[in-house]
Amino acid sequence: MTNSEIAKLLSHVSAAYSILDNKKHYFQIIAYQKAAETIEHEPTELKELYNEGKLKDLPGVGESIKSHLEELFKKGKVTYFDDILFQVPKAVFPLLDVPGFGPKKAYRLVTEFNLKKPDTVMDDLVKIAESGKIAGLPGFGEKSEKDILQSFKEYGMGKTKSARMVLPYATELARKMIDYLERSKDVKEVYPLGSLRRKKSTVGDIDIAASSKNPQAVLNYFASYPHTERVIEKGTRTSSILTSGNRQIDLMVEHPDGFGALLQHFTGSKDHNVHLREIALKKGYSLSDYGVKKKEDTKSKIKLFKTEQELYKFLGLQWVPPEIREDKGEIELAQKNKLPRLIELSDIKGDFHLHSSFPVEESHDPGQNSMEDMIKNAIFLKYKYLGFSEHNPSQSGHSNKQIYDLIAKRHEHIEKLRSKYNKSIQIFSLLETDIKPDGTLAVDDKSLSLLDGTIVSIHSAFSMNRQDMTKRVIQGLSHPKARILAHPTGRLINQREGYDLEWEKLFDFCQEKQKAIEINSWPQRLDLPDNLVQIARSKGVKFFINTDSHALPQMVLMEYGVSVARRGFCQRSDILNTFDYNKLRKWFNN
DNA sequence: GCCGTTTTCGGCCCGACTGTTTTCAGTCG
């Protein structure tokens, strides 16, 4: 079972508990949900943690859930879970993925209409709603019946609780709305919120905060955004709309005097906020998105914060950059005034994963622009150096001699460009070489000797098991010319799961042998993922942040790789393409 | 059911919005 399947199982147990007896199981419901969330985001397969006896290291997994998971791996099922889930009709569970449906509503409708089949429950409910039978139920009405139909319609169009957009797309959508809001005279400040502000690789809804002395005017202005499909809700402080692209945008408005608490609260993450509240409680205060008040004295006046900085200071903390607000150690560091200075885009001095159109007869994905155009663009971006990394010439249809000739010709061309642009920028001659399924490289030693080094990566036979894939990657990286492992998990967000590696083993190898790992900025990759970056970094592994550009406009995607690095706690010293040219040249020659 | 530099027992974040309600339940973040 994959981690996300296990997470789903636990969240179904949680849902079943809340259906069976919400009050009695109140804290189990929370506990199972928390464990599910942890497992959903855990990068290592649980089976592996189980084998290593590390299940209890997961936050939210204690004795009880641990023993259930052990049973799951031993027997393939958990009797205790089955007993609980058995008490709830199967047709309830598919509904839980539909926005607007929670355990109670799903259970109520399934039992009311005696729906038995999980496969057809959604279609069945649509028909029932269309025939007007839901509006008559106690607790339901015309409006809720219409809302249910709307939910199914939007679900059918791909809006689920888990469908998420890639960061650059979300950033672009938000930018348009932020531009629109900034044109309102009633708006003072605007910020993105939530996972968007924290720069997570994927974003669910777009959340935005505005400060204003006239919230109602701003909410009205927001609801009349030109691309609005429909207004989902509109209160005195918040509003949600659905845009024509079927994307939800939420707005929160607050008076400038209390804007800091709102901004902090809705930037999250949830875990970060819960931890902050615990700190506030220990100081005798209750923290909310409005500010703090004395815990005992409910009548006491609320203390407002104009800025986040004031709020963090009140709690005895440094201001924490949004990207690392995940309760992964940042709060403890902020308390000791020891937060790292995270890497910034302006620290980047070059890009090492660039595919030009120079003809090397590669098997896939040639670049669209000449080396010279890419050099000029790199100079425009104020880079000090760059590295070309076309794919290796295809093996089928080329002899080793032919491959050598192609690479030699490319070498000559690069030499010419080097002398031409010597004063403005330095050029590294790399290549993106496939690691074949047997662990050898797709280019022989003689050809590789022409290069400054090579990036290696996996482009075939993705479905190897964890151990074999790890062996394959480490063997490929062991070649003296292999210096950088590109897009290490091979994931394509929303399209393909990455392959699983024995990460700790790989990171130890990289640290020991001075091999670097790439943080690939391509929007669907953002690979190595941030949680693994944090682990690798803690082991002393160094990184390159690269764009993997196949065309000039893609070279600006660097900022998204930088976001990943920031989320992984990286400082300038962790990222090799922030080094001076001479230092970096030395690293390659080593 | 989880968790601990105040605790191995007794807590567990806090609030908005909606629809169907005469005071609240459900969902969401």
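Here is the naming used below: chain letters follow the sequence lines, and residue numbers restart at 1 for every chain.
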Discussion item. Using only atom types and a distance under 3.5 Å, with no angle test, would you say the side chain of Asp527(A) pairs donor to acceptor with the backbone of Thr489(A)?
Written reply: yes
Atom pairs, N/O to N/O, protein against nucleotides 7-13 of chain B, distance under 3.5 Å?
residue: dC13(B); atom: O2; partner: Arg277(A); partner atom: NH1; Å: 2.1

Of the options [options], whose atoms approach the side-chain atoms of [X] most closely?
X: Arg237(A); options: dA16(B), dC14(B), dG1(B); value: dA16(B)
X: Glu233(A); options: dG15(B), dG19(B), dC17(B); value: dC17(B)
X: Tyr290(A); options: dC17(B), dG1(B), dA16(B); value: dA16(B)
X: Lys104(A); options: dG1(B), dC17(B), dT27(B); value: dT27(B)
X: Lys143(A); options: dT20(B), dG1(B), dG29(B); value: dT20(B)
X: Gln28(A); options: dC14(B), dG1(B), dG19(B); value: dG1(B)

Practice prompt. May I ask you to say what Tyr32(A) touches in the nucleic acid, namely base, sugar-phosphate or nothing, with a heavy-atom cut-off under 4.0 Å?
Written response: sugar-phosphate
Worksheet item: So what does Glu145(A) hit on the nucleic acid, given a heavy-atom distance under 4.0 Å: a base, only sugar-phosphate, or nothing?
Response: nothing
Looking only at side-chain N and O atoms, does [X] come under 4.0 Å of OP1 or OP2 in [N]?
X: Thr238(A); N: dC17(B); answer: yes
X: Tyr26(A); N: dG1(B); answer: no
X: Ser64(A); N: dG1(B); answer: yes
X: Tyr80(A); N: dG1(B); answer: yes
X: Lys105(A); N: dG26(B); answer: no

Could you give the distance separating [M] and [N] at their [atom1] atoms, to the nearest angstrom?
N: dC17(B); M: dT22(B); atom1: P; answer: 22 Å
N: dT6(B); M: dG1(B); atom1: C1'; answer: 23 Å
N: dG26(B); M: dT21(B); atom1: C1'; answer: 13 Å
N: dG10(B); M: dG15(B); atom1: P; answer: 26 Å
N: dC13(B); M: dT5(B); atom1: C1'; answer: 22 Å
N: dT8(B); M: dA16(B); atom1: P; answer: 35 Å
N: dC14(B); M: dC9(B); atom1: P; answer: 25 Å

Discussion item. Taking the six-membered ring for Trp, are Phe101(A) and Phe152(A) closer than 6.0 Å centroid to centroid?
Written reply: yes
Item to complete: Classify the side-chain pair His275(A)/Arg325(A) by whether it contains a donor and acceptor separated by less than 3.5 Å.
Response: no
Worksheet, complete the sentence: Which of Arg566(A), Arg198(A), Lys328(A) passes salt bridge (Lys or Arg N to Asp or Glu O under 4.0 Å) with Glu323(A)? It is Arg566(A)
Discussion item. Taking pairing as Watson-Crick or G-U wobble with both contacts under 3.5 Å, can you name the mate of dC9(B), or confirm there isn't one?
Written reply: dG4(B)
Worksheet entry | Torsion-based syn/anti label for dT7(B), 90° from 0 as limit | syn
Worksheet item: Minimum heavy-atom separation for Leu339(A) to Glu330(A), with atom names?
Response: CD2-O, 3.5 Å
Practice prompt. For Phe140(A) and for Glu63(A), find the nucleotide of DNA chain B with the closest heavy atom, then tell me which residue's nucleotide is more 5'.
Written response: Glu63(A)
Worksheet entry | Toward the 5' end of DNA chain B, by each residue's nearest nucleotide, Asp147(A) or Tyr285(A) | Tyr285(A)
Worksheet item: Would you find more than 12 non-hydrogen atoms of other residues, nucleotides or ligands less than 6.0 Å from Lys270(A) atom NZ?
Response: no
Practice prompt. Examine Arg237(A) relative to Tyr290(A) and say whether NZ or CZ is less than 6.0 Å from the centre of the six-membered ring and inside a 45° cone about the ring axis.
Written response: yes
